[in-house]
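These notes are about the structure you will find just below.
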Amino acid sequence: MAGLLLVAALLIVAYWVAWLAHRPLVASETGAGYTQFEDAFPLADGWLALCLVAASYCLLTARRAALFWLLAGGGAGLYLCAMDVLYDLQHGVWGKGGNGAMELVINVVTLGLSVFVLRWTWVRREALLSP
């Protein structure tokens with residue numbers, strides 16, 4: 001699980017590096033509204049990445065705080081996914097070429113990983129709190 005969390009955090013960082021360095025690689029459209037919407041995400045995505053890295057560290061070092069960071073990360077992922085999906089549905093983003101399809105993949109992976117992390121954590125909550 002710790003490795004999966006680190007990979008997810010690295011993918012978030014890679015997305016933002018691509019957004020800042022070569023936007024057409026990841027942008028599904030070029031309109032001002034879309035760009036403004038995406039530009040509102042770095043802080044929230046940064047929080048999610050921080051939660052994932054902290055959870056990974058706590059799992060690797062057997063710290064009880066892993067429970068907090070796993071729950072915070074899973075919840076943050078669901079929240080971000082919900083915001084992104086609603087915008088994408090309202091603006092038909094998924095139907096806008098290859099990058100629109102990539103946006104759909106990002107949404108599905110974010111939803112799946114968030115639910116997986118929350119389920120995995122809940123099933124192991126007592127073990128995570130044990131010293």
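Just so we're clear, the structure is a prediction, and the values are computed from it rather than from any experiment.
No continuous path of ILVMFWY side-chain contacts below 4.5 Å connects Phe68 to Leu128, so the two sit in separate hydrophobic clusters. Placement of Val7 and Trp16 in two distinct hydrophobic clusters is found when ILVMFWY residues are connected by side-chain heavy-atom separations under 4.5 Å, directly or transitively. Under the 4.5 Å side-chain heavy-atom criterion for Ile, Leu, Val, Met, Phe, Trp and Tyr, Leu129 and Leu118 are members of the same hydrophobic cluster. Trp94 and Met83 fall into different hydrophobic clusters, defined by Ile, Leu, Val, Met, Phe, Trp and Tyr side-chain heavy atoms under 4.5 Å apart, directly or through other members. Under the 4.5 Å side-chain heavy-atom criterion for Ile, Leu, Val, Met, Phe, Trp and Tyr, Val115 and Leu86 are members of distinct hydrophobic clusters.
The shortest side-chain heavy-atom distance between Leu70 and Leu5 falls under the 4.5 Å cut-off. Taking 4.5 Å as the limit, some side-chain heavy atom of Val109 sits within range of a side-chain heavy atom of Val105. Side-chain contact between Glu103 and Asp84 is present, with at least one heavy-atom pair separated by less than 4.5 Å. Looking at Met1 and Phe116, their side chains come closer than 4.5 Å, going by heavy atoms from C-beta outward. Ile106 is not listed as a side-chain neighbour of Leu11, based on a closest heavy-atom distance of 4.5 Å or more.
Of all heavy-atom pairs between Gly74 and Ser114, the closest is O-CB, 3.6 Å. The shortest heavy-atom contact between Cys51 and Ala72 is SG-CB, 3.8 Å.
With sequence neighbours excluded, the residues forming a ring pair (Phe, Tyr, Trp, His ring centres under 6.0 Å) with Trp47 are Trp69, listed by chain and number. Applying the ring pair (Phe, Tyr, Trp, His ring centres under 6.0 Å) criterion to Tyr15, with sequence neighbours excluded, gives no partner residue. The ring pair (Phe, Tyr, Trp, His ring centres under 6.0 Å) check on Tyr57 picks up nothing, with sequence neighbours excluded.
Among pairs with a residue in residues 43-63, none fulfils salt bridge (Lys or Arg N to Asp or Glu O under 4.0 Å), at least two apart in sequence or across chains. Listed by first then second residue, pairs satisfying salt bridge (Lys or Arg N to Asp or Glu O under 4.0 Å) with a partner in residues 89-98 read Glu29-Lys96, not counting sequence neighbours. Here salt bridge (Lys or Arg N to Asp or Glu O under 4.0 Å) pairs that include residues 109-129, with residues two or more places apart or in two chains, number zero.
In this pair, Trp19 and Tyr34 present their aromatic rings perpendicular. The plane angle is above 60°, beyond the 30 to 60° band.
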| request: Using the side-chain contact (heavy atoms from CB on, under 4.5 Å) rule, take Phe41 and Leu48 through it: C-alpha gap first, then chi angles, then the decisive distance, then the call. | output: CA-CA 10 Å; Phe41 274 78; Leu48 173 56; over 6 Å; no
| query | Please walk me through it: do Asp88 and Leu104 pass side-chain contact (heavy atoms from CB on, under 4.5 Å)? | reply | CA-CA 8 Å; Asp88 292 347; Leu104 175 60; over 6 Å; no
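With a 6.0 Å radius and a threshold of 12 heavy atoms from other residues, nucleotides or ligands, Leu43 has its CG atom at or below the threshold. Remark: Met102 CE is loosely packed, at most 12 non-hydrogen atoms of other residues, nucleotides or ligands lying under 6.0 Å away.
A side chain to side chain contact (heavy atoms under 4.5 Å, CB included) with Leu113 holds for exactly one of Thr110, Val117, Leu111; it is Val117.
Distance alone, capped at 3.5 Å, places no donor-acceptor pair between the His22 side chain and the Ala18 backbone. Using modelled atom types, one side-chain atom of Asn99 and one backbone atom of Pro24 make a donor-acceptor pair closer than 3.5 Å. Between the side chain of Ser56 and the backbone N or O of Leu52 there is no donor-acceptor pair closer than 3.5 Å.
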